[in-house]
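Order of appearance sets the numbers: ligands from 1, and atoms from 1 within every ligand.
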Amino acid sequence: MKQTPHYGIDAPNVIRNLFLIGILCLATSAALFSFVDRSKIIWLILIGWVFIVGISLVLTAILMIFSSKFGKLKERERILDMLSIKGDELILDVGCGKGLYLIGAAKRLTNGKAVGIDIWQSEDLSGNDMENTLQNAKLEGVIDKVSIETADMRKMPFENHTFDVVLSSFAIHNIYDRVEREKALKEIIRVLKPGGKLCIIDFQHIDEYLKFLEEQGIMGIHRFKTKLIFPPATAITGNKR
Ligand SMILES: C[S@@+](CC[C@H](N)C(=O)[O-])C[C@H]1O[C@@H](n2cnc3c(N)ncnc32)[C@H](O)[C@@H]1O
């Protein structure tokens, strides 16, 4: 049977909890509906409220799975189109996970190279493991254009001005402290060549990233909403002076 690449499900524990609590709420509303005195309006309001919470949680979990499996792949192509990759670039994917952008970018390269760094946190992405990323690169036919390292985005093992393009998708928000997130952004700017492009896609802290990038002199900053990603995400692009 032909093997296909799997880019993982974001925040698998959050999705599991949404399903569990959602189903518990739905079961509770069904039990209440069967056993309480339904002529009392207060019970009907309570049952309706528990049902709506339950259905919302389950739908949120389903949307998150749809986003990881389909939405993020579609949006990746749109965003990579916008970056106008020529083919000879050295590209860095920060927090590459199972290689969604790393491999997507590598497919557009001729004699360029795509490098991914990650610390492989399993709570951030299902099956998050360097071997799985390499396997995806093999399955997509780009293993010779990809290299991967274990490294923290706050202290990257690269010289100043190394990369033509630096990308990061749904990764920086996993650092919970603002000062630490700014360290990651500083590193992104440090390893980017003068004139190089950056692209950050995330669903939290967007205004904070924008302000910091402006303060650091990033030019031509463009911000746009993604369409098929849940939770709704924003992409920021810009150029180093
Ligand atoms: C939700 S996943 C997204 C993976 C991939 N970029 C994508 O869009 O499918 C977030 C990734 O960021 C990585 N990550 C979190 N903190 C990191 C850090 N300090 N340095 C490097 N990678 C980190 C996690 O291990 C995980 O692979």
Problem set entry | Distance (rounded to the nearest 0.5 Å) between E140 CD and K107 NZ | 3.5 Å
Problem set entry | Test: D118 and K98 ion pair at under 4.0 Å | no
Exercise. Does C96 approach ligand 1 within less than 4.0 angstrom via side chain, backbone, both or neither, non-hydrogen atoms only?
Worked result: backbone
For this session: Give a yes or no on whether L100 and M130 share a hydrophobic cluster (residues Ile, Leu, Val, Met, Phe, Trp, Tyr; joining criterion: side-chain heavy atoms under 4.5 Å apart).
Result: yes
Exercise. Judged by non-hydrogen atoms, does A184 sit under 4.0 Å from ligand 1?
Worked result: no
Problem set entry | Residue N174 vicinity, atoms of ligand 1 by number, heavy atom under 4.0 Å | 10 (C), 12 (O), 15 (C)
Exercise. Is it the side chain, the backbone, both or neither of A11 that has a heavy atom closer than 4.0 Å to ligand 1?
Worked result: neither
Exercise. Does the cation-pi check pass for R181 over F212, that is, NZ or CZ under 6.0 Å from the six-membered ring centre and within 45° of its axis?
Worked result: no
Problem set entry | Among I218, I188, D202, the one residue meeting side chain to side chain contact (heavy atoms under 4.5 Å, CB included) with Y209 | D202
Exercise. Is F19 close to I65 at the side-chain level, that is, under 4.5 Å between some pair of heavy atoms?
Worked result: yes
Exercise. Could you give the distance from CD1 (I229) to CZ (F203), rounded to the nearest 0.5 Å?
Worked result: 11.5 Å
For this session: Just jot down the ligand 1 atoms closer than 4.0 angstrom to any heavy atom of D10, in number order.
Result: 1 (C)
Problem set entry | Exam field: side chain S68 to backbone D10, donor-acceptor pair closer than 3.5 Å | yes
For this session: Mind checking whether L100 contacts ligand 1 via backbone (N, CA, C, O), side chain (CB onward), both or neither, at a 4.0 Å heavy-atom cut-off?
Result: side chain
For this session: State if E180 counts as touching ligand 1 under the rule of any non-hydrogen atom under 4.0 Å.
Result: no
For this session: Just need the protein heavy atom nearest to atom 12 (O) of ligand 1, so name the residue and atom and give the distance.
Result: A171 CB, 3.5 Å
Exercise. For ligand 1, is there an atom lying under 4.0 Å from some heavy atom of I117?
Worked result: no
Exercise. Should the proximity of I119 to ligand 1, defined as any heavy atom under 4.0 Å, be assigned to the side chain, the backbone, both, or neither?
Worked result: both
Problem set entry | Atoms of ligand 1 close to G97 [distance to a heavy atom under 4.0 angstrom, numbered from 1] | 4 (C), 27 (O)
For this session: List every atom of ligand 1 that sits less than 4.0 Å from any heavy atom of W120, numbering the atoms from 1 in the order shown and giving each element.
Result: 25 (O)
Exercise. Please walk me through it: do K138 and E131 pass salt bridge (charged side-chain N to carboxylate O under 4.0 Å, His left out)?
Worked result: CA-CA 11 Å; K138 263 188 211 140; E131 284 310 312; over 6 Å; no
Problem set entry | Joint cluster assignment, L185 & V191, ILVMFWY side-chain distance < 4.5 Å | yes
For this session: Determine, for E182 against K211, whether the closest basic-nitrogen to carboxylate-oxygen distance falls under 4.0 angstrom.
Result: no
For this session: With heavy atoms only and a cut-off of under 4.0 Å, state how K98 meets ligand 1: side chain, backbone, both or neither.
Result: neither
For this session: May I ask you to list the atoms of ligand 1 that are less than 4.0 angstrom from any heavy atom of Q121?
Result: 15 (C), 16 (N), 25 (O)
Exercise. Looking only at protein heavy atoms, which one is nearest to atom 9 (O) of ligand 1, and how far off is it?
Worked result: K72 NZ, 3.1 Å
Problem set entry | Joint hydrophobic cluster, I172 plus V115, side-chain heavy atoms closer than 4.5 Å | yes
For this session: Any atoms of ligand 1 less than 4.0 Å from a non-hydrogen atom of A151? List them with their elements.
Result: 20 (N), 21 (C)
Exercise. What's the shortest distance from atom 19 (N) of ligand 1 to any protein heavy atom, and which residue and atom give it?
Worked result: D152 OD1, 3.2 Å
Problem set entry | For atom 26 (C) of ligand 1, closest protein heavy-atom neighbour | N128 ND2, 3.4 Å
Seminar exercise, completed: min-distance protein heavy atom vs atom 25 (O) of ligand 1 -> D118 OD1, 2.5 Å
For this session: Would you kindly specify which portion of D124 sits under 4.0 Å from ligand 1, judged on non-hydrogen atoms: side chain, backbone, both or neither?
Result: both
Problem set entry | Identity and distance of the protein heavy atom lying nearest atom 3 (C) of ligand 1 | S169 O, 3.6 Å
For this session: Report yes or no: is the cationic atom of K72 (NZ for Lys, CZ for Arg) closer than 6.0 Å to the six-membered ring centre of F170, at no more than 45° off its axis?
Result: yes
Problem set entry | Closest protein heavy atom (residue, atom, distance) for atom 4 (C) of ligand 1 | G95 O, 3.5 Å
Exercise. Please state which protein non-hydrogen atom is closest to atom 20 (N) of ligand 1 and give its distance, to 0.1 Å?
Worked result: M153 N, 2.9 Å
Exercise. So does D164 pair up with K86, basic N to acidic O under 4.0 Å?
Worked result: no
Seminar exercise, completed: So the atoms of ligand 1 within less than 4.0 Å of a heavy atom of F170 turn out to be 1 (C), 2 (S), 3 (C), 10 (C)
